[in-house]
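Let me begin by presenting the structure, written as structure tokens, before commenting on it.
Because the structure is predicted, anything quoted here is derived from the model rather than measured.
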Amino acid sequence: FGYSVIVSSSHNSESEQSKKLRMFKNKMVDGIVLMPCSQNSKKIVESTGNIPLVLIDRLLDKNIFDSVVVSNRETVRSNISELINMGYKRFGIIEGPDSVYTARERRLGYDDALRDAGLESVFRGNGNYTVESGYTIAKELKSTELDVLFTSNHELTVGVLKAYSSFEKPPILLGFDSPEPLLPQNSRFIMQPVETIGTKAAELILKDEYDFYVVYNGNYDSKMHKTG
């Protein structure tokens, strides 16, 4: 598109997010692509003013921003169902905070698949989308307790992998988001089409079309990448 890009991170802090958004506003940027760390639409509006803004990987409770997201619920449901059809029965989940749209949708997809198969979750841990919480929760598991452990974001997956080093026979790991280079044998991951998401968000800003949502549901949704 011929634009320069400024990249910043809120480190999952709402106050830091507001600070960075005000910084973008002061620099008079042409548009903002944001993955919000909270549901506070008011603070986002206060920090950005009239700057065109598109959300990625999130929907807020007050639908005042356009968003580009994947079909999280259906993607997780189909991947868990595939593992069930392969014969696995004992499933666990480390989910993210209920305040985050993607965490809720991925949990619902997990629950949908188990309910459809007449199964119940053997283990359920509530993380906060950090490496530390993934590690702490995974350490509570017994290595023989589960067939499959689902982690609902990249940081949780990294934490689980650290805990797995002490497991004699860790469960198959199904991780959502970017894969780690050293996944255990037979582990699987669900990759988001990050380049497509970014491109579509930029297109929305440049076209100045701010009255609809774009939900990306690519072919990857029905595919499960795996190692081993």
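The pair R106-D57 counts as a salt bridge, with a side-chain nitrogen and a carboxylate oxygen less than 4.0 angstrom apart. Ion pairing between R77 and E74 holds under the 4.0 Å rule for side-chain N and carboxylate O. Ion pairing between a basic and an acidic side chain is recognised when a charged N comes within 4.0 Å of a carboxylate O; R124 and D111 show such pairing.
Between D30 and L206 the shortest side-chain heavy-atom distance does not fall below 4.5 Å. Taking 4.5 Å as the limit, some side-chain heavy atom of L173 sits within range of a side-chain heavy atom of V160. Counting heavy atoms from C-beta outward, L174 and F91 have side chains that stay 4.5 Å or more apart. No side-chain heavy atom of K25 sits less than 4.5 Å from a side-chain heavy atom of I32. Counting only heavy atoms from C-beta outward, the side chains of T157 and D177 never approach each other to under 4.5 Å. L149 has its side chain out of reach of I93: every pair of non-hydrogen atoms, C-beta onward, lies at least 4.5 Å apart. A 4.5 Å side-chain heavy-atom check between F176 and L156 finds every atom pair outside the cut-off. Side-chain contact check for Y164 versus P171: some heavy-atom pair is nearer than 4.5 Å.
Counted by atom type alone, S13 and K19 present zero donor-acceptor pairs between their side chains at under 3.5 Å. Side-chain N/O atoms of K20 and S8 include a donor and acceptor closer than 3.5 Å. In this structure, a donor-acceptor pair under 3.5 Å is present between the side chains of S133 and T130.
The side chain to side chain contact (heavy atoms under 4.5 Å, CB included) search around N126 returns E95, not counting sequence neighbours. Legend: residues meeting side chain to side chain contact (heavy atoms under 4.5 Å, CB included) with R58, ordered by chain and number and at least two apart, are M35, P36, V100, T102, Y129. With sequence neighbours left out, the side-chain hydrogen bond (donor to acceptor under 3.5 Å, both in side chains) criterion links S47 to no other residue.
In this structure, S67 contributes its side chain and V69 its backbone to no donor-acceptor pair below 3.5 Å. Looking only at distances, no side-chain donor or acceptor of Y110 sits under 3.5 Å from a matching main-chain atom of E105. When atom types are taken as modelled, the side chain of S165 and the backbone of L161 share no donor-acceptor pair closer than 3.5 angstrom. Under the 3.5 Å distance criterion, the side-chain polar atoms of D147 are left unmatched by any main-chain donor or acceptor of Y88.
If you take CD1 on I80 and CG on D116, they are separated by 12.0 Å, rounding to the nearest 0.5 Å. Rounded to the nearest 0.5 Å, atoms CD1 (I44) and CD1 (I51) are 12.5 Å apart. Here CZ of R90 is found 12.0 Å from CG of L119. Values are rounded to the nearest 0.5 Å. Taking OG1 of T75 as the reference point, atom CE of M191 lies at 13.0 Å (rounded to 0.5 Å). In this structure, NE2 on H154 lies 12.0 Å from CD on Q192, to the nearest 0.5 angstrom.
Residues A201 and I56 share a closest heavy-atom pair of CB-CG2, 3.8 Å. Closest of all the heavy-atom pairs between G134 and I94 is O-CD1, 4.1 Å. The two atoms that bring L141 and F167 nearest to each other are O-CZ, 3.8 Å, heavy atoms only. In this structure, F123 and S121 approach most closely via the heavy-atom pair O-OG, 2.9 Å. Contact between D112 and R73 at its shortest, heavy atoms only, is OD2-NE, 2.7 Å. Across every non-hydrogen atom of P193 and V70, the tightest pair is CD-CG1, 3.8 Å.
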Problem set entry | Criterion side chain to side chain contact (heavy atoms under 4.5 Å, CB included) on R22 and F24, from CA distance to verdict | CA-CA 5 Å; R22 288 194 297 270; F24 289 149; over 6 Å; no
For this session: Could you check L204 against K200 for side chain to side chain contact (heavy atoms under 4.5 Å, CB included), going step by step and ending with a plain yes or no?
Result: CA-CA 6 Å; L204 278 177; K200 287 183 178 291; 6.0 Å; no
For this session: Output, in order, the C-alpha distance, side-chain angles, deciding distance and verdict of side chain to side chain contact (heavy atoms under 4.5 Å, CB included) for I6 and K27.
Result: CA-CA 10 Å; I6 303 173; K27 288 184 176 294; 4.0 Å; yes
Exercise. Should K43 and E14 be marked as a side chain to side chain contact (heavy atoms under 4.5 Å, CB included) after you check the CA-CA gap, both sets of side-chain angles, and the distance that decides it?
Worked result: CA-CA 9 Å; K43 280 195 174 182; E14 187 174 24; 3.6 Å; yes
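Under the 4.5 Å side-chain heavy-atom criterion for ILVMFWY residues, no single connected hydrophobic cluster contains both Y135 and I137. Note on V5: it does not cluster hydrophobically with L34, by side-chain heavy-atom contacts below 4.5 Å among ILVMFWY residues. Hydrophobic clustering of Ile, Leu, Val, Met, Phe, Trp and Tyr side chains at less than 4.5 Å, counting indirect connections, keeps L108 apart from V148. The hydrophobic cluster containing I84 also contains M86, counting ILVMFWY residues as joined when their side-chain heavy atoms lie under 4.5 angstrom apart, directly or transitively.
Summarising the local packing, CG of N85 is surrounded by more than 12 heavy atoms from other residues, nucleotides or ligands at distances under 6.0 Å. By the 6.0 Å contact criterion, CD on E46 is enclosed, its count of non-hydrogen atoms from other residues, nucleotides or ligands being greater than 12.
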